[in-house]
Each structure stands twice: as C-alpha cells, then as structure tokens.
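Every chain is numbered from 1, with letters handed out A, B, ... down the list of sequences. Values reported hereafter were calculated over all heavy atoms of this structure, with side chains retained and with hydrogens, waters and symmetry mates removed. Because the structure is predicted, anything quoted here is derived from the model rather than measured.
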Amino acid sequence: MTHHLTMLETLTSLAVAAGEGHAGGAGAMREAPQWVLAIALLPFAAFLLNGVCAALKVRNQFPAWLTIGTLATSFGLTLYLFLNYFTGADRAPMHVHGFEWIHFQWGATEAQTFISNFAFYIDGLTCLWILFVTGLATLIALYSSEYMNHDVGLGYCRFFAAFSLFVFSMLVLVMADNLLLMFLGWEGVGLCSYLLIGYFYKKPAAVAAAKKAFIINRIGDLGLLMAIFSAYGIFGTVEYSKIFAMVAANADGAGNLLSVNTWAGIVLPLLLTAGAFGKSAQLFFYVWLPDAMEGPTPVSALIHAATMVTAGVFLIARLYPVYTIDPALTILTLVAWCGAITAFWAATIEMAIFDIKRVMGYSTISQLGFMFAGLGLLSPTGAAFHTFTHAFFKATLFLGVGAVMHGFGGQLDLRRLSGVAWMRGFGLVGIAMLIGSINLSGVPFTAGFFSKDMILAQGFTTPSTMIGGAQIVAWILLITAGMTAYYTFRTFFRVYTGPKEFNPGDDAELLDLGRHPKGTNLEQWHKEHGHGHGHGHGHDHSHDHGHAHDHGAGSVADRRLQTRIDFDPTTEEFDPHPPGWAMKAAILACMLCSILAAGLYFMKTAGPGAEHGGWVGSMIHPSSAHFASPEFGKTATHMGQPHEPAAFFGQDAHKLMYYVSAGVGLIGILIAAFLHGPKGWQGLFIGNRVIAEKSRADGLINLFGPITKVARNKWYVDEIYDAIIVKPLHVLSHIFHLIDQYIVDGIVNLCGAIPRWIGKALRPTQSGEIHGYAIGMAGGVAVLLVLVFVLTS
Amino acid sequence: MNMTTLTTGFVPTLAQAGFPEVMSQVTLGHYLVVAAIMFVLGMIGFLTRRNLIIMFLCTELMFQAAGIALIAFGRYHLDFSGQTFVIFVLTVAAAEAAMALALIVLLYRRKESLNAEEWKDLQG
Amino acid sequence: MELFALILLPLVFALGVVVLPAAQSRVVALAGMLLTFALTLVIAGRFDTADTATFQFAKSVAWLPQLGLSLSVGIDSISLLLILLTGLLGPICILASWTAITDRIKTFHAWMLVLQAAMLGVFCSRDLILFYICFEFTLVPMFILISLYGSTNRKKASIKFFLYTFTGSVIALAGLVYIASQHAAMPGRSWTFDIAALASTARELPLGTQSWLLLAMMAGFAVKVPLFPVHTWLPLAHTEAPTAGSVVLAGVLLKLGTYAIYRFVLPFVPMAVVEYAPFLAVLCIIGIIYGGLICWVQTDIKKLVAYSSVAHLGFCMLGMFALNHTGIAGSVTYMINHGLSTGALFLLIGMIYERYHTRSMKELGGLGAKMPVWSTFMVFFAMASVGLPGLNGFVSEFMCMMGTFQASSAWGSSNLWGSLTDVRPVGVTHGNLGPWFAIIAGTGVIIAAMYLLYMVGQIVWGKLREPAGHDHNHHHEGDKHAQGGLSTDLNAREIITLAPLAALCFLLGVYPTPMLKIIETPVQQTAALIEREREGLPTRPPKATPEGVVHSNAAGISNNAQEARQ
C-alpha cells in the first residue's frame, strides 16, 4: 500500500510539474489584486442589506437604489479590471485567492487532498462574461426599480435581494477557479431563478413554473456533479489551471494517456454537456424556459435571456480543453448537432405562438442553440461573441416587451395589440424593439449579424472529418436564421406597427396603473386617488384580503375571472401607461450597447486572436476556450493540421456567408411584412393588415393545418413528459407509499402480532384463581421432579 | 474448641472439633420425612382452602418445612450455612407475615369476605 | 471529570425541575440546558485540536471490576461534534416548547433533561456497557415524551418506537457481548468492555464470525438510523411526537445509530463490512429513492419531513459504506448537518402546528403572504435540506456522493475507466461501489428537490389557505392569537430558536474546512484500518501494479510535458 501511494504521489507530482511548466512557459498565471473579490462580493453584500431592509420593513425605493449602486460599483470595478489587465498584449489568466472553502485530505499523501477554494480564475473568457453580467445587471436593476414599483415594500426587498443574490451567484459561476465553486454559482443562479420566477407566488402558474425550472435544472446539475467527481477521479483536482495543464500534457493525474481514456474523453464531457444543456434549456431540457416567462419581465431579461441561460455556453467554453481530449471530438459533434436541432425546433414553435413574451423565450432557446452549435463547430469565439451580442439585444427586446406589459395591464397576445410604437410615450420602445429585432434577424451591419455570421461561416468551413456533418448543421442553422427573421418581425409588425389598437391584459396589479372610471382623466384621477405610482399604500393588503376569501385551489382561470370582475369595461376605462425615465434609460442604454457591439467585430486590438472576431477574438484567444491554442487541446491528433478555409460553392465561405446570411435574413423579414405587416410603408408596402386581430397569415394557418396547432402547443412535449415521466413516477410513488404502509410496515406489525397471538392462546390459563396457579405450580414441580428422576436414573 | 484455630482461618468441621455425633440415633431421613409431611400438609391446605388467613398459614407451614429440611441438611453436612439461611428466612417470614396480614385486613375491608376467589379479577 | 460533569449536570437540573414548583420548570430546564451547552463549549474550547484522534478528557472509574465494567469516558473530535450538536439542540428544544407544552410541565422538562444526559452519555462513553445503558436509556424519556405529549395516534407510535428499536438493540447487545466473551476467552485476557480492547479482539475474528456480528450490530443500529427496510417506526414516531421530541429524534437520536455504526461496526468488523458494503449501499440507495418518492406524495407535512430523513440518512450511510475517507468524513458531517437542517424544519412545522393545529398541506397553504419571516426560514432550511451549495447540506452530501464515486476498484483495471494500464487514477480509492452507485444515488438529489419544492410550493407559495374555522379574517399584523398568545408571524422567542440553526447552516456551508480538518485524523485512521483489512481479505485478488508500466508512463508524462514547454 505504502509503495502504491508513493507511486501515485510521484505521478501526481509529475503531472503537476507538467502544469507548472506550462504555466511558466506559455504565459504565467498572474496574481490578481484582492479587490477583484469585491466584484462578486458586493452584490452579496447588497443581498444581505436587502434582507435587512425587509426586516426593517422599508417601504420605499431604497432597496432598488442600494442594488443599483452596488451593481454599478461592481461594474466599475470590472471595467477597471478589464482596462488594466486585459487590454495590453499580456492577457494571461489571473488568479485571486479568497479563502479555503472545502478542503480535506482523504489519503495518506499530500497529493490525496481535495481542494476547492473560494478563489477566482479570470481570463479573457471570464472577463467578457463579467463585463456584460455586471453591466446588464445594473441597467436591468434600474429598469426594475420602476417596473416593480407597484410592489414597493416587502415584495420589493425580496425582489432585489434575489436579484443581487443572482448577480453574486452568476459572478461566482464565471469567476470560480475550480469546478466545485463554479457549481456553487451554478446552483445559486438556479435558486435565484426559482425565487424570481416564482416571484408572483400567489399565481399557481408562477409557482409551478419555478418548481419546474429548478427540478429540470437539477437533472442537468446531477450530470454536472458527476462530471466534477469524474474530473476529480481522473485529474485528482478540480482546479481549472491544473486540469488544463494535465490536458495540455495529455496525461491524467496518474500518468495515463488522456486521449485513449474513454472516461476522460467521452464520459466526462458528456456529463458536462448534460449540465450545460439543463441550464441552457437545450434539447430535452428546454421545457422549463418558456414557462419561466411567468417571472417578472426584468428577470426574464436578465436571467432567462442574457446571463444565466448562457452559463451552459460558458461551461463548455471554459472546459473546452476537456472536450478536445477525445481525438474524434465526439462530444463536440454531439453539441453541434443538438444545438442546431434545438435552434430549429424552437424556431418552429415561435412561428406559431401568439404570446410575445414566450416568443422571446423560445427565441432565446433558439439563439442558445446557435451558440452551442458554434461551440460544437469549433468556433468558441463565435459562440462567445454571439452570447455577448445576444445578451444586449435580447435584453433590449425583453425590456421592450416588459414596457408593453407594464403599459397594457400585462397584455401579451400579439393579436390584441397593434401600433404600439405610435402611442404616446412608447416611441422609444418602438425604436428599441426595431433595433433588437434587426439584430436578432441578422440584418447586415448589426452586431447580431456579425456574431451569427461567425458561427454560420465556421459551420461551412469546419471539415466533416473533424465535426461529422458540420455542413448539414450549418444548413440547418441557415434555415433557422431565416425563420428567426420571420418570427421576430412577425411580432414587430403586429405589435409595434399598424393601426393603434389595444386591449388591456388581465394582470390586476399592472391594470391598476392605467385604469380609471369612465369619463375621467387618468392623470387627474391618479392624482386624486394616489394610484399608479404606488407608494405601497395598502396595495398588498387589499390584494391579500381579496384572496383570503377563496379557499379552493386557485387556478389561472379563477384569477382571470376575478380580474375580469375587477375591471369592468362598462364603467371603467384603460389608458396605456408609458414607461417612466428609469425604464426608458435602461432600454436606451441596452439599445445603444447592442448597436455598438457591432463595432467590436472590427476593433483591432493588440495581441493575437483579433483577426478572427475582433475584440471578442482577442479576449477569447488567450483563454481556455480557444480551440487551436497551443496550450490547450493539444491532444487532439488533428491539431497540427493547418486550418484551411473551406470552400462554399467555390467561394471563401467566410466572405460569401455575409451575403448569404444577409439575404436569408431579409427574405425572412419580407415574408413577415407580407403576412403580418400593416398597409402602407410600415408594412414595407407589401402588408395589408388593418386590424390587430387578423392578418394574411391566418390563411396560411389553414394551409398547414394541424402542424400549426401542434407547434403552437409546443409539440406537446410537456404533455409527453407528463405522461411518460411525471405521471408514472407519481403513480410509482403512491405504490411505494402503499408498499411502505402495508408490506414493509406490515411485516413489522406481523412480527409484533405473533407474540400477541401466542399470548392470546395462553391467556385462559391466567384465570385469576389463586388455587389454579398453585395447582399449576405444584404440578410443575412434580413434573420437574419426575423428569429429574427419569434423567438421573 | 480451640479459638486460635478458628481465628487463624482454618475452620474444622463440627465432628473434627469434637462434637458428639447426635445424628447417629436420628438420621437425616427422619428430619426430611417430617419436613416433607409438613410441606405436603401446607400445600394441601393451600390448595384446598379458600380462606385467605388459612392459606397464609399454610404457606407459613411450608416455609417451616423447608426450614427444617435446611437445618437438617446443614447439620448433616456440618455446615452453618443452613442454619444461617433459616434465620434469614424466619426474619423475612416475620416481616412478610406482618405485611400479608395487613393486606388481608385491607382486602377484607373491601369485600367483607376472606374468600380468595373474590379476587379473581386481579388477573390483569 | 468534565465529561462526568457534563452527563450529571442535566440530571441535577432534572432533579431540580422535579423538586421545584411547576411554574419554574421551564426556566430551570432552560438554565440546565444552557449550562450544559456552555459546558460543551468549554470542553470544545479546551479540546486539543492537534490530537483529534486521541480520546481526550478520558476518565475511568472502576464500577464492577470482577465483570470488567468501568465507567470510562473520553471523546475524540467526532464525539465532540456530536456533543456540541446535542448541547445546542437542548436549549432550542426547551424554547420551542415554551408555549406548546401546557400540561404536565414538570414531567416534560424533567424527562427532556434526562434525555439530554443519556444522549451525552452515549457520545462520551468509552465502555461498551456504559454506552449501551445510555443508548437504551434514551428510549425511556422519548417513550414518555411521545406517549404523553404526542398527537392523536401517540400510544401506538410510542409503543412501536420503543419495541422496534429496543428489539434491535438487544440483538446488537448480544453481538457485542459475544465479542466480549471472545475477548475473555483468549489466553491472558480477562473480561473487559473497553471499546478499544474489544475492537482489536473483534478484528481478529474470522470473516464468518464477523459477518454474523455485522448482522447482529446492524440489527440494532440500522433500526436506529434507520436504513431502508427497518425504517417504518420513524415516520410514525416523528409525526406523533411533540415538536421538541421530533427535533431531538431527528437531530440526535438518529445519529446514535450512525455514530454507533461508525464507532462499532467499522472498527470492529471491517472485513465483513468490506464484504457486504455493496449490499448495504444498495439498501441505502433504495432508502434514498424510495424514501424520497414517498415524501413526494405525502399530504402531512411532518410525515414528509420524517420520510425525508429516511432518504437523507440513506446518503449518510452510503458515504459511510464507501469506506474511504471522503465518504466517512462526509457521513460524519452529514450527521451534524442533518441534525441542524431537519431539526429546524421540525421546529418550523411545530410553529405552524401550534398556530393552526393541522399539519395537512391540503388545509394549509400560501403562508408566504401572511408569515413572511416564517416563510423565509422555511425556504432557507428547505434549501439547506435540498443540498444547495453554500449551505451545510451540500458539503456533506457532496462528500458522501464523491466518496461513493471514488470507491471503485474497477476504475483501475476494467474498461469502465478505459485506461490501458493498471495504474489507478489518482482520485480513486479501493472499494466496491463506484460511479453507478453514485449516479443512482444522485437521482435522490433530484427527488429531494421535487419533494421539498413541492412542500414549499404547497405551504409557502400559492393562495392563502387556512383550515376551515380558523378565524383568519380578524387577524391582522400585531393581533394576538387566541391560543397561547402567539403572534401571526413568528415572535422573538421563535426567531431566537431558529436563528442559531440558520447561522450554523450558513456558516458550515460557507466555511466547512475547520470541521473537515478537525475530523480528518480520526476518520483517516478508520479508513486506513479498513484499507489494511481489505488488503488482507482472502476473497479479493491481489492488486499487483507492474513497476514497468509505471515507469514507462512516468516517462510518457515528462515527454509530454517537455513537448508542452516547447
């Protein structure tokens, strides 16, 4: 045994030495200043302070400003970090140590120690992520300060506490220096997502959606946890820098060749992928994300569009070296295919549904599919770039949708809204939606265009020998790009252009912002009654009271019924409630960022990598996500081969793709204009819609018949899951419960009953007659005596 | 009897110490027969009578029978343990008699009867 | 001496409760519990952390030397942690029963203190018989607490609890006494019940005998834990017990079983444990999944948490039977962490029961709007129980599962690992479990999320549902409750009861390293002991590692490393 351990020790130290050699040669790991910890810890402080606010029953906007201030500081620090450490030529990873989190020695030697520190590993990839996470979080906090105004009080504190905790978790996720700490962030964002989706906890749908999100995420998380165990088994460490060093040396912690190890090459990345797909709602796991739209819209914008759902992309990018252990790149191929299929699948659903927020939700799934396809097609830079641009334009779109919800009493049906951009106070929203939509559709010279293009072009250039069927994947993505343009502008043309028309929604709290008795002036009425810009006066209270009376299980229908009664169109009127300055400022900033992000593509910075993807390329190039990096992914046998730009119809794919994808996008927009555009220039002169409810597309629905219906019902995936997993499991649980009561416990009771039966049988002998006992005793003695005589003689 | 031998730890049997052999005329068997007769009388009395006091007296009779047997055996083996034990038994029996009679008085007060069968319901 | 004082202190206060008038029972009991807790803290403060494997504060008083019995006590770091947990839960239980127990106050508090003494005695004893006496004596106070202060079905529950665990323990006692008799029968040895001496004797016994002993000991200790097929007393006892009883039951009494397995089964019969570990692990996994799924269909919130204990303790025992340091250390930390989080959940349920006199999730719901403080605690402790990283449950659950994952001899040689060589991966230990065990047990993590979120979703979120007849319309903030003068949301006393547990859950989740460090040496010794026995196990093929392979690999690495540098 001793000998064995010594040998292990030797091998481990060799592998570690290999790692150090790498670190010393290819770019030493830098020690980052301690204040970097504050980037993540500040939001945590905000979380705690919001908790204090809740305890002190703060009834004003203070929690919001506290959160905004902290997040802005965090963003400032990030910017400072970026400008000082990631602009020059040296972009080597940085490391900063906080404290020992989980630390134990499980064997006799020093090498058999499990170390997971609260420490950060910051490279270009991390820096990219924390920049947009803190930046967007600040903007969306600003937006939320107004959006959540109707809930000032305890709910407000709760919202911002969870919001801050989310930002903390997300930052830990991307900054962690080891897998386990990353898992802390990973589960943390899951928790906050749960809390925020279920923010309107009186709504059964929201509670169910929150639960669903958490549980489906947990399924993926189990894969990730197993991946962490596998990684520890293989490498003897969970720290990124050491793992990367071993991958670079093509040796696991015990000195085995990594590239011939199926567990390291296939199983480990497969498990990681399961985790990534869970969080990023890919493939079978996507069902939670559309339901997550039950949460407040700022939450959807930040968590379910811009940041948390991209954690899966980050995970794969971060552990890209592990994916390249397998020379055949099997799992990357799988990722590419799954991404493309998800992108296409989600797009089919989006084209059929009418709920504009859910359109955005599915669109996020679809765009995440693009990112995963990018990762799988060996373009982590493209994936990272698309994540970055998507974060801004999707946030813009969501914030715009949020403004519409906020203004129209929670109305989300695109058949019930029209011409919103022309309504008073909604101009900026219309512009923002246009900017977001052209980005999402990939209209030339927008950020979304360039980032999507990188992925598409890479797909056509990646040889099939490396990624099987790369070209087919690229074709699927190209078709999906066209569908994306169509569904994006379908929403845009229907909701924001055309004749002004609206029906208020059924969200009681948002309705309060714009309702007033018939024949009165909204502003005047609000001034008199103090409604709208709620100062939290008894708002919660009256609501609670209303609910307290119905004891039955609440359903959506109940709630609808109730609010319908509340809003009586015969006596009341509804005026749209335009966004205030905070919401407008946030929308404007997001919009500008998504325009400016295009410039990054052309930004030539010092250092390698800028030739591919500009600024983002130069950030990704020295990070672990860079595929052909000399430090990482060396084990893949084909790495030495020169990267030949493949031909696409005889042309350089990278160049031709600009035109092809631009064309596809524009065709999609034109189809949308034809089917959904209003009459006149707003519908590009080819549309003919005159009312909100009907358009040319209605005829098309009949053409496709049942397909639209099936797609509108999300291909019945929820129902299928319910029928084949949830229901059987529930039945099984009931069976287990019965087994437990009647069989497992039954046997125990039987064991207890046997002595009781014996006792019952013997009971008559206990007559209570003292002479009976005495005779029994005397007889017993006699029998014993006889026995003794018989035995002794 | 030599006191020094006793105190130094060597305990001779009574015969060795020079006691006369009284048992030569009346043998152990005689004593045991007497004890057995007393015991059987007590037992029959206990089994046949219903009166609590008589039953109690019968148990006392059995006690004494056992006592006689113990003393007889003790003498036979030239060992004091038998006698010692009987003294214990007598003491305990005295205490027990006090207790038992008190109980019987209590029981009598409850049911105005000394019949043991009245108390059948104590079977539990 | 400190340890004797620790055991006697609650007893003295129990006497005080009996002697003093009932009106002062609560205060006296609280003072007794607090002083006991303070004493445990003093002991912890004086505990030599450099020498955690040695039994410190050791003291032995001859009791019946002819029989080899002695009152001998001593604690290592693992006992210390459990003593601290017991000490902490004591005053919390008294505080939690402050208004809930209105009848026979004296009896309740006296028995609580006696129970405390017995539990502390279990963790302190170094003598088998002393251990056993304390172990069994916990049954008496618990029996009385359940049968006098429980809810409707309390008679049945208390009798079942008593008989079930008692029957098991008697079998365990038989096994342990057999070991003592074997010890006495050996030449040159006499009767003793010293645990360390008996352990070395038991290890010399052949595998066949050890297997029987394993069965006997598990009969006693597995019932207490409880492991899968012998768990049915637990939901019943938990559901019927008063709040303080449930807290002690979940917090400490279940840990008596796991502690006994750690203290007796692993070091006494390591060979048999190695042999039967996969079988025991399967029972644990069945417990995890089966218990978890049953939780999911409960309507009684207390029963749900009770069944969750079956699932959670399944994880705890799974780690134990991984038989490597990671797993055993995970299991030991699990004992503490489960005591904190599940104890707190029972407290929370007790607070609700005191207000609404129902535990049915059909009748209750949506308390988030009415009781925000309570709801916050509920979500917090549910998350700790789910095993959210950053809270305490995660650390131990993670370690138990990782220990299971690591414990696989198969990794070194079979195709599962895919390695070309016989070299064991660095992060892997010997063992018969491995990835599949961990993955299947891991589904329990998902199930845990399912049932705990179901519980939270039912009772915290949603529309407010209160039992019919509960006069909710007249309850606004600040209104006093008709019964017991309870406020709508938690009052200061209740917050004080929960706060230390919440703080510890957070602290042990964020910074568990000190706890892991302090248990490191003793657990490593136990793991090493098992490893030694495993090496000598005749049924296992010897694990030869050809030197040549190692060297060629080592060379391979350095070559690769050089390439990397170039």
Can you tell me how far the [atom1] atom of [X] sits from the [atom2] atom of [Y], to the nearest 0.5 Å?
X	Y	atom1	atom2	value
A:Q105	C:K517	CD	NZ	7.5 Å
A:L729	C:I446	CG	CD1	10.0 Å
C:L516	A:W101	CG	CH2	11.0 Å
A:N749	C:T232	CG	OG1	7.0 Å
C:F394	A:F183	CZ	CZ	5.5 Å
C:Q524	A:W106	CD	CH2	10.5 Å

Below 4.5 Å from any heavy atom of chain C, which atoms of [X] appear? Answer side chain, backbone, both or neither.
X	value
A:F200	neither
A:I216	neither
A:L180	side chain
A:V726	both
A:V748	side chain

In terms of heavy-atom pairs under 4.5 Å, which option from [options] contacts chain A the most?
options	answer
C:V386, C:T429, C:V230, C:V523	C:V386
C:W233, C:Y511, C:Y164, C:F398	C:F398
C:I328, C:V445, C:T167, C:I294	C:I294

Minimum-distance pair of heavy atoms, taken over all atoms of [X] and [Y]:
X	Y	result
C:P389	A:L184	CB-CA, 3.5 Å
A:R218	C:A449	CD-CB, 3.7 Å
C:L453	A:F214	CD1-CD2, 3.2 Å
C:G368	A:Y201	C-OH, 3.4 Å
C:G442	A:M226	CA-CE, 4.4 Å
A:K202	C:A369	CE-CB, 3.8 Å

Got [X] and [Y] here, is their nearest side-chain heavy-atom distance under 4.5 Å?
X	Y	result
A:L195	C:V379	yes
A:H730	C:V297	yes
C:V456	A:Y194	yes
C:T404	A:F229	no
A:L222	C:M401	yes

Residue [X] versus chain A: region with a heavy atom under 4.5 Å:
X	value
C:M383	side chain
C:V373	neither
C:T376	neither
C:Y307	side chain
C:M399	side chain
C:L163	neither
C:A438	both

Query raised in the report: Among A:R158, A:H103, A:Q741, which residue forms the greatest number of heavy-atom pairs with chain C at distances under 4.5 Å?
Result: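 Looking at each of A:R158, A:H103, A:Q741 in turn, A:H103 comes out on top.
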Report task. Please determine, among A:I102, A:V207, A:D740, the option with the most heavy-atom pairs under 4.5 Å with chain C. Result ->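 When all of A:I102, A:V207, A:D740 are compared, A:D740 has the most.
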Query - salt bridge (charged side-chain N to carboxylate O under 4.0 Å, His left out) partners for C:D300, two or more places apart - result: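 Partners of C:D300 under the salt bridge (charged side-chain N to carboxylate O under 4.0 Å, His left out) test: C:R359.
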Report task. Apply salt bridge (charged side-chain N to carboxylate O under 4.0 Å, His left out) to C:K160 and list each qualifying residue two or more places apart in sequence or on a separate chain. Result ->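 For C:K160 the salt bridge (charged side-chain N to carboxylate O under 4.0 Å, His left out) partners, ignoring immediate neighbours, are A:D745.
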Query raised in the report: Does OH in A:Y742 sit with more than 12 non-hydrogen atoms of other residues, nucleotides or ligands closer than 6.0 Å?
Result: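 Counting neighbours around OH of A:Y742, 12 or fewer heavy atoms of other residues, nucleotides or ligands fall under 6.0 Å, so no.
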Query raised in the report: Where the side chain of C:Y454 meets the backbone of A:K211, is there a donor-acceptor pair that is under 3.5 Å apart?
Result: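 No, C:Y454 side chain to A:K211 backbone: no donor-acceptor pair under 3.5 Å.
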Requested in this report: Give a yes-or-no answer on whether the side chains of C:Q298 and A:H737 include a donor-acceptor pair shorter than 3.5 Å.
Outcome: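 The answer is yes; a qualifying pair exists.
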Query raised in the report: Should the ring pair A:F736 and C:Y290 be called parallel, tilted or perpendicular, given that the plane angle runs from 0 to 90° and is split at 30 and 60?
Result: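 Taking C:Y290 first and then A:F736, their aromatic rings sit tilted (interplane angle of 30° to 60°).
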